[in-house]
Amino acid sequence: MLCQHCKKNPAAVNYFEMVNGKKFEYHLCAFCYADLYGELNSTANNSAWSNLFSSPVPRRKFCPVCHTSFSDFERTGLLGCTSCYDVFKEELIPSILRIQGKVEHIGKAGNNMDELGLHRRLKSLQEQLENALREKNFRAADRLNRQINAIKKSLHGGGNG
């Protein structure tokens with residue numbers, strides 16, 4: 001239904017008025033209602049009226065850097081940039097918990113004792129051992145050598161002792 005006043009825009013307000021016992025009905029667009037009766041929020045200050053002219057689509061949160069929305073992430077499974085993790089933190093936590101089991105990143109080379117971590121630790125200790133021997137620091141070299149042997153033992157099946 002078109003606005004009865006401008007006859008251009010769709011009617012958004014059905015306004016009923018009682019004057020001397022007679023009922024008058026007006027179908028107006030938001031612009032004409034505001035022109036004729038003043039701002040809607042000042043006339044009727046309740047949430048039903050104030051939300052009447054808001055867009056039917058709820059406002060979406062966007063990343064200010066790459067302009068990705070959370071619905072884009074839900075559709076593609078990809079975020080646009082690193083800032084998206086901060087912007088959508090609240091929305092992402094349930095997904096991350098479901099997929100990863102925790103929300104803190106530990107990393108591959110952290111304090112984990114998997115085989116890759118042990119190989120990296122072994123290489124680092126061997127480099128430290130070479131430096132200690134070059135500097136003739138035999139006490140440190142002995143300590144490093146014991147650590148290297150313990151790691152080699154656990155890597156090659158003799159880790160129980």
Side-chain angles (χ1 to χ4, degrees), residues 1 3 8-14 28-34 38-161:
M1 173 182 302
C3 173
K8 294 178 184 175
N9 300 318
V13 176
N14 294 319
L28 303 170
C29 68
F31 304 110
C32 291
Y33 183 88
E39 285 297 317
L40 188 61
N41 287 334
S42 64
T43 304
N45 196 10
N46 65 34
S47 62
W49 282 102
S50 62
N51 291 331
L52 183 63
F53 298 121
S54 64
S55 61
V57 178
R59 294 190 57 84
R60 296 186 301 170
K61 197 185 314 183
F62 287 92
C63 174
V65 176
C66 67
H67 306 292
T68 299
S69 69
F70 189 71
S71 61
D72 294 337
F73 166 73
E74 289 178 318
R75 189 172 21 84
T76 63
L78 301 171
L79 292 172
C81 68
T82 56
S83 296
C84 291
Y85 288 96
D86 294 327
V87 173
F88 304 120
K89 182 178 182 176
E90 293 174 11
E91 293 89 351
L92 288 172
I93 286 178
S95 298
I96 293 171
L97 279 172
R98 188 181 72 249
I99 295 167
Q100 301 287 344
K102 53 188 153 208
V103 291
E104 278 189 39
H105 179 68
I106 295 174
K108 290 181 182 176
N111 292 330
N112 57 0
M113 295 306 284
D114 62 350
E115 193 170 335
L116 179 61
L118 288 174
H119 282 289
R120 288 182 179 169
R121 179 83 175 126
L122 180 62
K123 184 177 179 180
S124 171
L125 289 172
Q126 287 171 337
E127 290 172 359
Q128 291 175 30
L129 176 62
E130 289 175 15
N131 288 337
L133 289 173
R134 259 190 237 113
E135 295 171 1
K136 299 186 192 283
N137 187 349
F138 299 115
R139 185 172 286 170
D142 182 50
R143 180 182 48 83
L144 291 167
N145 195 33
R146 280 186 267 128
Q147 289 177 354
I148 289 170
N149 287 335
I151 291 175
K152 283 182 178 179
K153 197 175 192 183
S154 68
L155 280 174
H156 300 294
N160 294 340

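A 4.5 Å side-chain heavy-atom check between Arg143 and Arg146 finds at least one atom pair inside the cut-off. A 4.5 Å side-chain heavy-atom check between Pro94 and Arg98 finds every atom pair outside the cut-off. A heavy-atom distance below 4.5 Å is not found between the side chains of Ser83 and Pro64.
For Gly80 against Thr68, the heavy-atom pair with the smallest separation is CA-OG1, 3.6 Å. Closest approach of Leu92 and Cys84 over heavy atoms only: CD1-O, 4.2 Å. Residues Arg121 and Ile151 come closest through the heavy atom pair CG-CD1, 3.5 Å.
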Using distance only, find each side-chain donor-acceptor pair of residues 132-141 under 3.5 Å and give its atom names and separation, not counting sequence neighbours.
residue : atom : partner : partner atom : Å
Arg134  : NH1  : Asn131  : OD1          : 2.7
Asn137  : OD1  : Ala140  : N            : 3.3

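Interatomic distance, CG of Asn149 versus NZ of Lys152, reported as 6.5 Å (0.5 Å rounding). We find the CD-CG distance between Glu127 and Leu122 to be 10.0 Å, quoted to the nearest 0.5 Å. Taking CG of Leu129 as the start and CD1 of Ile148 as the end, the distance is 4.5 Å to the nearest 0.5 Å.
Partners of Phe70 according to the ring pair (Phe, Tyr, Trp, His ring centres under 6.0 Å) rule, which considers only residues two or more places apart in sequence or in another chain, are Phe73, Phe88.
For residues 85-96, the set of pairs meeting the salt bridge (charged side-chain N to carboxylate O under 4.0 Å, His left out) definition, not counting sequence neighbours, comprises Lys61-Glu91.
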